[in-house]
Amino acid sequence: DNHALYNIIYCFESLKDADGAIAYMNEFLNRDPYNEVAWHQLGKLLSKLNKTNEALSAFDYAIISDDTFTGAYVEKGKVLEKIGRINESIENYEVALNTTDPSAFILESIGRCHEKLGNNRLAQKFYLKSVHIEPANENSWQSLINFHIEAENFKKAKHYLESALEVNSDSFLL
């Protein structure tokens with residue numbers, strides 16, 4: 001029962017017992033080695049502890065267990081981005097896009113990666129897709145606005161800020 005598994009991990013996290021959670025997940029995986037959710041959760045736990053290689057391996061096992069498991073691709077993309085393997089990160093985010101409906105988070109993440117690589121046109125394209133697909137997503141708007149501020153294109157930054165405020169008029173984050 002994956003719901004129960006999430007709840008058990010939540011309990012370990014509430015107790016701030018990462019080692020106990022990892023031990024539990026390893027024991028669980030010894031009994032059910034193809035449980036993609038367990039591998040995914042183990043990867044997230046290891047990632048929080050900066051055990052990068054082990055986290056990547058756990059996400060790989062989640063993907064082997066279910067090659068349509070969007071969360072594993074997204075989390076693997078996050079780790080790869082964090083360690084500077086940006087092209088691999090983009091690949092994982094793109095696979096995630098192909099396993100589910102497009103999400104603002106994934107599109108924004110791809111945009112951020114392209115920005116890191118200096119692919120500014122692609123970065124802007126993905127930021128725009130992100131705000132188009134989910135206009136209420138404040139993080140996407142912030143990325144788009146900051147992108148134009150960094151490029152010293154203040155007129156566009158102002159335009160997007162006004163658009164963001166129009167869509168999210170009750171937000172205090174923008």
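The figures here come from the full heavy-atom set of this structure, side chains too, leaving out hydrogens, waters and symmetry mates. For reference, positions follow the sequence shown, starting with 1.
Listed for the Asp66 side chain is no donor-acceptor partner under 3.5 Å among the backbone atoms of Ala62. Of the possible donor and acceptor atoms, none in the side chain of Ser140 sits under 3.5 Å from a partner among the backbone N and O of Val131. Looking at Trp141, its side chain never comes within 3.5 Å of a backbone N or O of Val167 through a donor-acceptor pair. Judged purely by atom type and a 3.5 angstrom limit, Asp67 has no side-chain atom pairing as donor or acceptor with the backbone of Ile63. Between the side chain of Asn92 and the backbone N or O of Glu88 there is at least one donor-acceptor pair closer than 3.5 Å. The main-chain N or O of Asn139 is found under 3.5 Å from a side-chain atom of Ser143 such that the two form a donor-acceptor pair.
Two different hydrophobic clusters hold Leu80 and Leu49 under the rule that ILVMFWY side chains link at heavy-atom gaps under 4.5 Å. By the criterion of side-chain heavy atoms lying less than 4.5 angstrom apart, applied directly or through intervening Ile, Leu, Val, Met, Phe, Trp or Tyr residues, Phe147 is grouped together with Ile145 in one hydrophobic cluster. In terms of hydrophobic clustering, with Ile, Leu, Val, Met, Phe, Trp and Tyr side chains grouped at heavy-atom distances under 4.5 Å, Leu165 and Phe154 are assigned to a common cluster. The same ILVMFWY cluster, assembled from side-chain heavy atoms under 4.5 Å apart, contains both Tyr127 and Leu161. Hydrophobic clustering, with ILVMFWY side chains joined whenever heavy atoms are under 4.5 angstrom apart, groups Leu97 together with Leu122.
Rounded to the nearest 0.5 angstrom, Leu45 CG and Phe12 CZ are separated by 9.5 Å. The distance from atom CZ of Phe126 to atom CD1 of Ile133, rounded to the nearest 0.5 Å, is 11.5 Å. Note that NE2 of His40 and CG of Asn2 are 11.5 Å apart. Values are rounded to the nearest 0.5 Å. Note that CD of Glu108 is 5.5 Å distant from OG of Ser130, once rounded to the nearest 0.5 Å. Taking CG of Leu46 as the reference point, atom OG1 of Thr52 lies at 9.5 Å (rounded to 0.5 Å). Residue Phe105 holds its CZ atom at 10.5 Å from CD1 of Ile110, rounded to the nearest 0.5 Å.
Between His148 and Tyr160, the ring center distance clears the sub-6.0 Å criterion.
Using a 4.5 Å cut-off on side-chain heavy atoms (C-beta onward), Met25 and Asn35 make no contact. Side-chain contact between Asn87 and Leu117 is present, with at least one heavy-atom pair separated by less than 4.5 Å. Residues Tyr61 and Glu36 are not in side-chain contact: their nearest non-hydrogen atoms beyond the backbone lie 4.5 Å or more apart. Side-chain atoms of Gln41 and Glu75, non-hydrogen and from C-beta on, never get closer than 4.5 Å to each other. Taking 4.5 Å as the limit, some side-chain heavy atom of Leu56 sits within range of a side-chain heavy atom of Ile83. Put simply, the side chain of Phe28 reaches to within 4.5 Å of the side chain of Tyr24, judged on heavy atoms. Using a 4.5 Å heavy-atom threshold, the side chains of Glu94 and Ile90 count as touching.
The number of heavy atoms from other shown groups lying within 6.0 Å of CD (Glu150) does not exceed 12. Within a 6.0 Å sphere centred on OH of Tyr6, heavy atoms belonging to other residues, nucleotides or ligands number more than 12. Atom CZ of Arg31 has more than 12 heavy atoms from other residues, nucleotides or ligands within 6.0 Å. Other residues, nucleotides and ligands place no more than 12 heavy atoms under 6.0 Å from the NZ atom of Lys158.
Contact detail for Glu134 and Ala104: the closest heavy-atom pair is OE1-CB, 3.4 Å. Here the closest non-hydrogen pair linking Ala38 and Leu29 is CB-CD2, 3.5 Å. For the pair Ser65 and Trp39, the tightest heavy-atom approach, listed with the atom from each and the gap, is OG-CD1, 3.9 Å. Listed here is the closest heavy atom pair of Ala123 and His114: N-CB, 3.7 Å. Residues Ala157 and Ile149 approach most closely at CB-CG1, 3.7 Å, considering heavy atoms.
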- Item | From CA spacing to verdict: side-chain contact (heavy atoms from CB on, under 4.5 Å), Leu42, Phe59 | CA-CA 8 Å; Leu42 179 60; Phe59 295 133; over 6 Å; no

- Message: Run Asp19 and Asp17 through side-chain contact (heavy atoms from CB on, under 4.5 Å) and show every step you take.
- Response: CA-CA 5 Å; Asp19 292 333; Asp17 185 7; 4.2 Å; yes

- Message: Working note: Glu91 + Arg85, criterion salt bridge (charged side-chain N to carboxylate O under 4.0 Å, His left out); need CA distance, chi angles, decisive distance, verdict.
- Response: CA-CA 10 Å; Glu91 289 172 12; Arg85 291 166 53 185; over 6 Å; no

- Evaluate side-chain contact (heavy atoms from CB on, under 4.5 Å) for Glu162 paired with Glu166, printing each intermediate quantity in order. CA-CA 6 Å; Glu162 289 169 348; Glu166 188 175 308; over 6 Å; no

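Taking 4.0 Å as the cut-off between side-chain N and carboxylate O, Glu115 and Arg112 do not count as a salt-bridged pair.
In this structure Asn50 satisfies the side-chain contact (heavy atoms from CB on, under 4.5 Å) test together with Lys82, sequence neighbours excluded.
Between the side chains of Thr68 and Thr99, no donor-acceptor pair of N or O atoms lies under 3.5 Å.
Lys76 forms no cation-pi arrangement with Tyr73, by the criterion of a distance under 6.0 Å to the ring centre and an angle within 45° of the ring axis.
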